[in-house]
Structure formats: C-alpha cells, structure tokens
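Okay, here's the structure, questions in a sec.
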There are 2 protein chains.
Amino acid sequence: MATDTKQRILDAAERLFADHGFPATSMRDITNEADVNLAAVNYHFGSKEALLIAVIERTAAPINRDRLERLDALERDAGGGPVDVEALIRAFLAPMFDRWSLWGKSEPKILKLVGRIHAEVDQELRAKFIRQFDTVFARYAVAFQRSLPELQAGDVHWRMLFLVGSMAHTMTWGASIIATDRGARREPGEILEALVRFAADGMSAPAPQGVAVPAGGMR
Amino acid sequence: MATDTKQRILDAAERLFADHGFPATSMRDITNEADVNLAAVNYHFGSKEALLIAVIERTAAPINRDRLERLDALERDAGGGPVDVEALIRAFLAPMFDRWSLWGKSEPKILKLVGRIHAEVDQELRAKFIRQFDTVFARYAVAFQRSLPELQAGDVHWRMLFLVGSMAHTMTWGASIIATDRGARREPGEILEALVRFAADGMSAPAPQGVAVPAGGMR
DNA sequence: GTCTATATGCGGATAGAC
DNA sequence: GTCTATCCGCATATAGAC
C-alpha cells in the first residue's frame with residue numbers, strides 16, 4: 001500500500017511539526033509515529049525539507065485558494081466598489097476556521113502548523129511556500145485599501161500584519177487555551193466571529209494623524 | 001575578562017536565537033559568533049537550555065516588570081475604578097516598543113526573540129519562563145474585565161490572545177517589513193500607536209450577542 | 001515498495017592540560 | 001577561565017538485499 005504509506009507519513013509529520021516545530025522533529029520521530037520504515041520518507045519525498053513542503057502544500061494551498069475565491073466573489077458582488085471591511089476579514093479568516101470545524105473534537109493540528117509557518121520557519125525556507133500567501137496578502141491589501149481610502153497604503157499593511165498575527169497566534173495557541181481555560185471554551189465558529197469583530201473594529205479605526213495636525217488637539 | 005565572555009555569549013545567543021530559533025541554533029554557531037571557546041557556554045551557563053533561559057531573563061524580565069509598574073500606576077490613578085482601555089493597552093505594549101526605540105537603527109533582535117518565545121518554543125520549555133508572563137497576563141485580564149464589564153471573562157481572554165498575537169507577530173516580522181516594504185517604513189513609536197489604535201478599537205468592540213438576543217436584531 | 005545496515009557528519013557535553 | 005581533544009549519541013541520507 002504505497003499511497004497509504006505516503007498518507008501516513010504526511011499525517012504524522014503534520015502532527016509532529018505542529019506540536020514541536022520543524023527543526024525539533026526528527027525523521028525517526030515521524031517514521032515511528034507513522035509506523036513506517038525510516039527510509040520511506042526519503043523514498044517518497046526525497047528529504048525532510050521536501051516533506052515539510054509537501055505537508056504545507058496539502059494544507060495551505062486549499063486555504064489560500066479558498067481565500068482568493070471568496071475575495072473574487074465579494075469583489076464581483078461589489079461591482080468594482082469597495083467591499084465591506086467585515087466581509088473582507090471574514091473571507092480571509094473563515095477558510096482556516098472552517099477546517100478547524102471539520103476536525104470536530106480533535107485538535108486542529110493543520111492549523112497549528114499553519115500558524116507556526118507564519119511565526120516560526122526560517123526566512124529562506126519560508127520564502128519557498130509563502131509565495132502563494134504573498135499573492136493572497138497583496139490581493140487583500142488592494143481590497144482593504146479600496147474599502148479604507150482614508151488610510152495610507154503603509155497603514156493598511158501594518159494593520160494587516162496585526163490581523164495576521166492575531167490569526168496565527170490563535171491557531172497556534174487557541175486549542176491549548178480551550179483545553180486548559182474553563183470559562184474560555186468556545187466553538188471554532190464563535191472564535192472566528194470574535195476575531196472578525198475584533199479585527200473589523202481595529203481595521204476600521206480612525207487614521208493616524210500625520211505630523212501636520214490642524215492645530216488644536218496637541219499641547 | 002570573564003564577564004565580557006558571558007556578555008558576548010548572551011549577545012550572540014540573542015541574535016541567533018532571534019534569527020533562526022532555538023532548536024536550529026547550535027552551540028558552535030553561538031561560540032563562533034561570539035568568538036569564544038566552545039566550552040565556555042557550558043562553563044558559564046551549564047547547558048544550552050540554561051543559556052536560553054538566561055537570555056530570556058535578561059530581556060523579558062525587565063519588560064514584564066515594567067508592564068506591572070505601569071499597571072500599578074494606572075490603577076492607582078484610577079482609584080479603584082475602571083482604567084481607560086487604550087491606556088491599558090499602551091501600558092502593556094509600550095515596554096516592548098521602548099526597547100525597540102532604544103536600539104536605534106539596529107534591528108531589535110531582543111524583541112524578535114521575545115516575539116518568537118510567544119510563538120515558537122515548545123510547551124514544556126515555554127512553561128519555565130512564561131510564569132512571569134502569566135502573572136502579567138492575569139493582572140491585565142482583571143483590569144480589562146473591569147474596564148469592559150459588558151464582556152464575559154472568556155471573551156476578554158480571547159481578545160487578549162488576539163492582542164498578544166498582533167504584538168508577537170509585529171515583533172517577529174515588523175523589522176523585515178520595514179526593511180523591504182518602502183511605503184511601510186515607520187518609527188517604532190508610530191508602530192506602537194498604530195497597534196494601540198487597532199487593539200483599542202478591537203478590544204472595545206461590542207460584546208458578542210449570546211444565544212438569547214432581546215429580539216429585534218436578528219433575522 | 002519496503003526493509004536492514006551503515007555511511008557520514010553534527011549535535012551537546014565533558015575531561016583534563018594549561 | 002580558557003583551551004584542545006574527544007566522547008557519544010542522534011541527525012539525515014543512502015546502498016543494497018529482499
């Protein structure tokens with residue numbers, strides 16, 4: 001069963017990379033967990049790094065495709081006009097939370113891993129598969145700019161960085177918070193809505209006053 | 001020069017841990033960078049892990065002390081009443097950004113590392129020095145709850161997670177964005193204010209409607 | 001396709017001379 | 001306190017039998 005072996009390796013790698021990170025996970029860890037032979041990884045994928053890329057591809061690619069499709073739909077409906085900021089944020093975030101929901105009770109390792117990708121991986125390696133994310137980021141940046149015309153492009157970028165940070169951190173640590181913190185138990189859908197609310201108000205906050213204040217406020 | 005050797009090891013470790021992460025950085029990398037002997041690390045610190053803790057202590061401890069002092073001051077001024085949310089957020093964030101400013105033009109490796117700590121480090125290791133952060137988090141959670149009484153405690157926790165995520169991500173990736181993205185160049189103080197604005201509006205967003213809505217809004 | 005056995009190198013840590 | 005030399009285990013990767 002060749003495909004089964006490949007799948008089991010991918011599943012195990014996903015779990016372990018998510019829990020311990022890429023550098024801290026050895027191929028022996030992976031092959032033990034997957035209950036396959038050590039040599040199987042190199043046979044099927046070529047190298048540990050190639051395995052990581054395969055894992056990422058399997059998980060991140062559909063999410064990013066989904067993000068772009070939702071953005072397309074929103075822009076089509078808006079007919080060239082600005083899209084509602086909250087809808088924009090939801091379109092960006094929902095593809096990740098949807099997959100969390102799909103996993104039901106079990107921990108969303110996929111997302112923890114995707115969260116890690118944003119935060120952990122070394123710059124050079126990151127660049128290899130962040131290409132697709134950069135495309136998504138750029139498309140959304142344009143859309144946000146159109147919906148928030150009073151903001152400078154740089155301000156939009158920074159606020160999007162804040163948004164991505166909230167998302168990545170939530171994906172990485174959200175599950176363990178749910179596990180430990182009694183009163184903070186929430187369904188993925190509720191967390192999504194909480195984050196959408198938080199980010200929508202943050203994104204729509206008034207633009208920073210430049211150096212040239214119209215006199216009155218300062219001093 | 002014994003103390004000099006210790007300092008150089010700490011400086012080099014800080015740089016390398018920040019850039020490549022803890023597991024991916026070898027002691028040989030560190031001692032080469034610091035231009036000291038390989039054995040010096042174990043002589044002065046005992047182990048690689050103990051070195052990481054020493055690095056963290058040197059950087060994170062003052063930041064967290066600062067956070068608590070600012071919170072004390074705010075609560076003293078408020079005389080038992082609720083503290084302004086924006087002031088609360090600024091008190092939490094400013095200690096990190098202040099240190100960024102202190103570094104002037106050079107990259108704030110310290111902060112990138114602190115950002116990584118929140119995102120990368122393995123749960124068990126993390127627990128060792130996150131104690132102090134947990135204290136800070138808990139104190140601020142109480143203060144936020146008092147300032148946002150319409151929110152449930154769990155909602156406050158989640159929003160604080162979003163806030164921490166924005167901060168950590170900004171610390172980890174902010175410098176490289178400044179370096180690459182022309183129009184996004186900002187002073188640390190400006191980024192702080194941008195993040196305060198973003199998070200203050202996010203934190204103060206309306207509470208999520210529970211299941212029992214007073215009829216009228218939905219449908 | 002899957003296995004065992006092994007090549008080869010890097011990892012953290014230490015012994016012991018100076 | 002600082003150095004060299006070295007232990008020893010684990011890392012990735014591969015050769016070659018089945």
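Labels below follow one simple rule: chain letters A, B, ... track the order of the sequence lines, proteins then strands, and each chain is numbered from 1.
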Subject >> Any side-chain heavy-atom pair of Leu51(B) and Leu10(B) under 4.5 Å >> reply: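 Side chain of Leu51(B) against side chain of Leu10(B), heavy atoms only: contact under 4.5 Å found.
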Subject >> d(CZ, Phe45(B); P, dA13(C)) in whole Å >> reply: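 My rounded result for the distance is 13 Å.
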Subject >> Any donor-acceptor N/O pair, Glu33(B) side chain to Arg15(B) backbone, under 3.5 Å >> reply: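 Such a contact is absent between Glu33(B) side chain and Arg15(B) backbone.
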Original post:
Within the pair Asn37(B) and dG1(D), is there a side-chain N or O less than 4.0 Å away from OP1 or OP2?
Top reply: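 For Asn37(B), the contact criterion (side-chain N or O under 4.0 Å from OP1 or OP2 of dG1(D)) is not met.
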**OP:** Using the salt bridge (charged side-chain N to carboxylate O under 4.0 Å, His left out) rule, take Arg139(B) and Asp72(B) through it: C-alpha gap first, then chi angles, then the decisive distance, then the call.
**Re:** CA-CA 10 Å; Arg139(B) 287 261 338 257; Asp72(B) 288 339; 3.1 Å; yes
Subject >> Length of the CZ-C1' vector between Arg28(B) and dA5(D), whole Å >> reply: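 Atom-to-atom, Arg28(B) to dA5(D), this comes out as 11 Å.
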Original post:
Given atom CG of Asn32(A) and atom P of dC10(D), what is their separation to the nearest angstrom?
Top reply: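 Distance check: Asn32(A) CG to dC10(D) P gives 12 Å.
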Subject >> Out of dG11(C), dT2(C), dA13(D), whichever nucleotide has its closest atom nearest the side chain of Lys48(A) >> reply: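 Of all the options, the side chain of Lys48(A) is nearest to dA13(D).
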**OP:** Please tell me which of the listed nucleotides, dA13(C), dT2(C), dC3(C), lies nearest to the side chain of Ala39(A)?
**Re:**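 Given the options dA13(C), dT2(C), dC3(C), the side chain of Ala39(A) is closest to dC3(C).
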Original post:
Less than 4.0 Å between a side-chain N and a carboxylate O, is that true for Arg90(A) and Glu193(A)?
Top reply: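 Between Arg90(A) and Glu193(A) there is a salt bridge, with a charged N closer than 4.0 Å to a carboxylate O.
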**OP:** Mind checking Thr25(A) for me? I need base, sugar-phosphate or nothing, with any heavy atom below 4.0 Å counting as a touch.
**Re:**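 Thr25(A): backbone/sugar contact only, no base atoms under 4.0 Å.
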**OP:** Respond yes when some side-chain nitrogen or oxygen of Thr5(B) is under 4.0 Å from OP1 or OP2 of dT2(D), and no when none is.
**Re:**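 Affirmative; the distance criterion is met.
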Subject >> Rounded distance (Å) that lies between atom P of dC10(C) and atom NE2 of His20(B) >> reply: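 The answer, rounded to whole Å, is 17 Å.
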**OP:** Could you state the atom-to-atom distance from CE of Met27(A) to P of dG9(D) in whole Å?
**Re:**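 It works out to 22 Å between those atoms.
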**OP:** Find the distance Asp35(A):CG to dT2(C):C1' and express it as a whole number of Å.
**Re:**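 After rounding, the gap between these two atoms is 13 Å.
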**OP:** May I have the distance from Phe22(A) (atom CZ) to dA11(D) (atom P), rounded to whole angstrom?
**Re:**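 In whole Å, dA11(D) P and Phe22(A) CZ are 13 Å from each other.
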**OP:** For the pair Arg99(B) (side chain) and Pro95(B) (backbone), establish whether a donor and an acceptor sit closer than 3.5 Å, ignoring hydrogens and angles.
**Re:**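 Yes: the side chain of Arg99(B) pairs with the backbone of Pro95(B).
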Original post:
Ala40(B) near the nucleic acid: base, sugar-phosphate alone, or nothing, with a heavy-atom cut-off under 4.0 Å?
Top reply: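 No contact at all - Ala40(B) keeps every heavy atom at 4.0 Å or more from the nucleic acid.
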Original post:
Would you say dG11(C) has OP1 or OP2 under 4.0 Å from some side-chain N or O of Ser26(B)?
Top reply: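 Checking dG11(C) against Ser26(B), a side-chain N or O does come within under 4.0 Å of OP1 or OP2.
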**OP:** Check the distance between dT2(C)'s P and Tyr43(A)'s OH and give it to me in whole angstrom.
**Re:**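 That distance rounds to 8 Å.
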